[in-house]
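Chain letters run A, B, ... following the sequence lines, proteins first, then strands; residues in each count from 1.
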2 protein chains.
Amino acid sequence: MTKSRGIEEGIRVAVSTVILTLRRETEEPRIALPLVRRIRDPHRDCWALPGGWLDPRESLEEAAARTLAETTGLAPSYLEQLYAFGAVNRSPGRVVSVVYWALLRPDTVDALGAQSTAPHDAAGAAPENVAWYDASDLPPLAFDHAQIIDYALWRLRNKVGYSRVAQGFLPPEFTLAELREAYETILGRRLDPANFRRQVESAGNLVPTDAFRTGSHRPARLYRNDTDVELADRGPLAPEETRTS
Amino acid sequence: MTKSRGIEEGIRVAVSTVILTLRRETEEPRIALPLVRRIRDPHRDCWALPGGWLDPRESLEEAAARTLAETTGLAPSYLEQLYAFGAVNRSPGRVVSVVYWALLRPDTVDALGAQSTAPHDAAGAAPENVAWYDASDLPPLAFDHAQIIDYALWRLRNKVGYSRVAQGFLPPEFTLAELREAYETILGRRLDPANFRRQVESAGNLVPTDAFRTGSHRPARLYRNDTDVELADRGPLAPEETRTS
DNA sequence: CCAAAAGTGTTGCCTGTACACCCATGT
DNA sequence: ACATGGGTGTACAGGCAACACTTTTGG
């Protein structure tokens, strides 16, 4: 408490975000995330998580939301703090990185025209040097970012078991098959449609609508999120404090 | 990424720790934690979590262990990152606090002579102005530390359900009744001794010894931790990285 | 009519819980 | 002997996984 004031100059605080979405272009959906190509020297030309320095006037979560918007032009459907990384050697010049993870709805991503692995160039300040990669097929990553992405995916798999974060991957209205597909992609295994239906229905988190998704075979009922309650516990902060402050 | 370099001066990084132990002086055990009385002005005379500024030469976890040792003279039996708090208004002059939570074995605490709510004065550099409080009966706390303690206790209650962190409250050898008592104190409810035995035995985390705790009635077998494996997942970092770096 | 997905029913296992009961020791 | 906690047996209930089965559409 009373020790080493004055030495702490030189510690910088960065905020990065693991931004996850679902790609449905291939036969099986895949988890994809945007990465930024580094143009400066520590790990130049490697790919890194979107992020930036913490501005003294914004909270950690605001910084995460800001850099996320700068990278993708979007607002996340879910945002939660992941971990604070502060090993001495993780970067030249002491950096503490507070990392968040976020979910994006694929429909909003598609609307911006982010296809394949090419940098997108939609409305807004979408920067160059951004590309979307499959989570299972990542390029060389800067710093400890590969570890961080692994941990974010572990947290997602974990949290999908006791919350409804998976709905962060879906538009406001969706069928149970689409929800199940999201679960299956996250967990990496097939789920029994019958049991899945019962579990998710008995959880009481879904509201059936009167609409049906027609198309290939028997129409499937559309559901929507219960209300505007959180998809999951996002941490220790009261809801007010995460918004304002 | 490229924004606002140079502005980030003025952000300081602090590391604090919620240090939990079990008090068995009363009839029912209670969770207790050490607090530090503030002598400087933001929240002067309030009580605060032990902590201090991050030294550029130490990792976050090392800083937590160091301030923990400075406060209690002890090494923790468990140490895990809790959350990074970075609201703009939580302290004058922008401070990001990376908070850890730790468990101490009561026997090591007792050996230092920490009794009741008086500051302890044992060997080492145990500072003045430290007092131990019941977690259920806290004094006025500085900053957002009351929230933080609540969150640490929530995390402990949660984690006790799917790991063996509770053993962080026990000496190397203990009876099942002692382990159950730790669980009961953490969870705040009674557990069935018979079922508790079976659950913890079938989990395979305990090794029975040939020793028995004699005393009041029928001797109880002593158990010890499986091996030196971790009590629980402590985060995304590989074990090596948490020790050295 | 057929394929295929939507949706329902049924069964069996496995786990947690409640609680009856025996065992071993100090007093 | 008896009170008390250590330790075992058992039976019931709820949840989940497996899978048979019916319903409803497009071709």
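- Distance CZ (R190(B)) to P (dG16(C)): 21 Å, rounded to an integer number of Å.
- Applying the salt bridge (charged side-chain N to carboxylate O under 4.0 Å, His left out) test to residues at least two apart or on different chains, the pairs with a partner in residues 208-218 of chain B are E178(B)-R213(B).
- Nucleotide dA6(C) holds its P atom 12 Å from the CZ atom of F196(A), rounded to whole Å.
- The only member of Q199(B), R197(B), R198(B) that meets side chain to side chain donor-acceptor pair (under 3.5 Å) when paired with N195(B) is R198(B).
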| query | In the 5'-to-3' direction, what one-character label does each nucleotide of nucleotides 17-27 of chain C receive under the scheme B = base within less than 4.0 Å of a protein heavy atom, S = sugar-phosphate only, - = no such atom? | reply | BBB---BBBS-
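- A donor atom on one side chain and an acceptor atom on the other are not found under 3.5 Å apart for T175(B) and R180(B).
- In this structure, CG of L191(B) is placed 14 Å from P of dG6(D), rounded to the nearest angstrom.
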| task | Could you go through the ring-ring contact (aromatic ring centres under 6.0 Å, His included) check for Y78(A) and W101(A) one step at a time? | result | CA-CA 8 Å; Y78(A) 185 75; W101(A) 65 290; 5.3 Å; yes
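- Within the 4.5 Å cutoff, the side chain of E173(B) has no heavy atoms near those of the Y223(B) side chain.
- Remark: C1' of dG5(D) and CD of E178(B) are 13 Å apart, rounded to the nearest angstrom.
- In this structure, the CG atom of L187(A) is 15 Å from the C1' atom of dC16(D), given to the nearest Å.
- With the nearest nucleotide of DNA chain C identified for both Y223(A) and S202(B), Y223(A) has the one nearer the 5' end.
- R197(A) has its CZ atom 17 Å from the C1' atom of dA20(D), to the nearest Å.
- Residues Y83(B) and I148(B) fail the side-chain proximity criterion, which asks for heavy atoms closer than 4.5 Å.
- Taking atom CZ of residue R221(A) and atom C1' of nucleotide dA5(C), one finds them 16 Å apart after rounding to whole Å.
- Across the protein-nucleic acid pair, E201(A) atom CD and dC16(D) atom C1' stand 16 Å apart, rounded to whole Å.
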